[in-house]
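To start, the structure under review is shown below, and the notes come after it.
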Amino acid sequence: MKIRELHAWPRMSTSEAKQLQLRLRELLVWDGGPASCALVAGGDGTYRVGQPTGRASAVIWSTEELTVVERSFAERELTMPYIPGLFSFREAPVLLEAFRGLRHTPDVVLLDGHGLAHPRRFGLACHVGLFLDLPTIGCAKSLLVGKHGDLASDEGATAPIVHEGEVVGAAVRTRRGCRPVYVSQGYRISLARAIEIVLLCARGRRLPEPARLAHLALQGERTWSRPPAC
DNA sequence: GCGACAG
DNA sequence: ATCTTGTCGC
Ligand SMILES: [Mg+2]
């Protein structure tokens, strides 16, 4: 497969994007996931009103030292609008650029969006994992497709997400009294291992540390018109 | 046709 | 996601 070629989409129609997802889906590979998860990365993207570009961050977090090992940023022109189900074509290019700027290689990557819990089983986490050739986990803050039953209020509680008769992920309670996060396989990982890693990285917060830090890294760059009230 | 709908 | 301060609740 000509991965470089597929990566240079200047602009594509929604129907072309859907077709491409169906082809790329066939390239997904699954295994149990990384044996070690000493280095877990998180990525996120942001946009600003009236700006034609988007920015992305990639943060590597040490699960042993509980510290940030490395951060990388990228800025790039956005070619696609946000369309539910086609989100990765908007955000993956700038995210991939940020991840390619890292000097370390993480054991697994957490993405702010879904993996298999997607109408065509090819969400952002699948897309980014495939092109980085690294294990990835989709960790979204709300559902795109599927339903799940009630889950206990205890930290660590889970409930399968079912879509069209398939288990495509799990709702995971990472913090007591908070809404769950929605975990699904991105690339080269099992659902069980994905849930384990998300819980390992949660540490009392709703969003797992690498994802949360990647988000904060972008906010931290924002310039405020007025100093924050305090 | 209507409602749902990651970020 | 963004535009944005304070405020309410576990
Ligand atoms: Mg995001």
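Numbered from 1 within each chain, the chains take letters A, B, ... in sequence-line order.
No donor-acceptor pair closer than 3.5 Å links the side chain of D107(A) to the backbone N or O of V40(A). For the pair S62(A) (side chain) and V69(A) (backbone), a donor-acceptor distance under 3.5 Å is absent. One N or O on the side chain of H118(A) and one on the backbone of G85(A) form a donor-acceptor pair closer than 3.5 Å.
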Side-chain donor/acceptor pairs under 3.5 Å, residues 89-97 of chain A, sequence neighbours excluded:
from	atom 1	to	atom 2	distance (Å)
R90(A)	NH1	M80(A)	O	2.7
E91(A)	OE1	Y47(A)	OH	2.3
E91(A)	OE2	G45(A)	N	3.3
E97(A)	OE1	R76(A)	NH1	3.3

Which pairs of donor and acceptor atoms, one on a side chain in residues 25-35 of chain A, lie under 3.5 Å apart (sequence neighbours left out)?
from	atom 1	to	atom 2	distance (Å)
R25(A)	NH1	R120(A)	O	3.2
D31(A)	OD1	G33(A)	N	2.8

Could you pull out every donor-acceptor pair under 3.5 Å between side chains of residues 159-183 of chain A and any protein atom, sequence neighbours left out?
from	atom 1	to	atom 2	distance (Å)
H163(A)	ND1	R121(A)	NH1	3.0
H163(A)	ND1	R121(A)	NH2	3.2
E166(A)	OE2	R121(A)	NE	3.4
E166(A)	OE2	R121(A)	NH2	3.1
R173(A)	NE	A152(A)	O	3.1
R173(A)	NH1	C178(A)	O	2.7
R173(A)	NH2	L151(A)	O	3.0
R173(A)	NH2	A152(A)	O	3.2
T174(A)	OG1	R206(A)	O	2.6
R175(A)	NH1	G204(A)	O	3.4
R176(A)	NH1	D154(A)	OD1	3.3

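Both key distances under 3.5 Å define a Watson-Crick or G-U pair, and DNA chain B has no stretch of 3 or more such consecutive pairs. Base-pairing analysis of DNA chain C finds no stem of at least three consecutive Watson-Crick or G-U pairs with both pairing distances under 3.5 Å.
Atom C1' of nucleotide dT2(C) and atom OH of Y47(A) are separated by 11 Å, given to the nearest angstrom. Per the geometry, CG belonging to L78(A) stands 11 Å off C1' belonging to dG7(B), to the nearest Å. Atom CZ of R90(A) and atom P of dA1(C) are 12 Å apart (whole Å).
Sorted by first and then second residue, the side chain to side chain donor-acceptor pair (under 3.5 Å) pairs with a member in residues 193-202 of chain A read R193(A)-E196(A); sequence neighbours excluded. Each salt bridge (charged side-chain N to carboxylate O under 4.0 Å, His left out) pair with one or both residues in residues 51-61 of chain A, not counting sequence neighbours, appears once here: R55(A)-E75(A), R55(A)-E221(A).
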Nucleotide by nucleotide, nucleotides 1-6 of chain B touches protein heavy atoms under 4.0 Å in the pattern (B base, S sugar-phosphate only, - none) ----BB
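The side-chain heavy atoms of Y187(A) and D133(A), taken from C-beta on, include a pair separated by under 4.5 Å. The closest side-chain heavy-atom distance from M12(A) to L20(A) is below 4.5 Å.
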Please write out each protein N/O paired with an N/O of nucleotides 8-10 of chain C under 3.5 Å, distance rounded to 0.1 Å.
none

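In this structure, F73(A) has no ring pair (Phe, Tyr, Trp, His ring centres under 6.0 Å) partners at least two apart in sequence or on a different chain. Applying the side-chain contact (heavy atoms from CB on, under 4.5 Å) criterion to S15(A), with sequence neighbours excluded, gives S13(A).
Under a 4.5 Å side-chain heavy-atom criterion applied to ILVMFWY residues, the cluster that includes V59(A) comprises W61(A), L66(A), V68(A), L213(A) as well.
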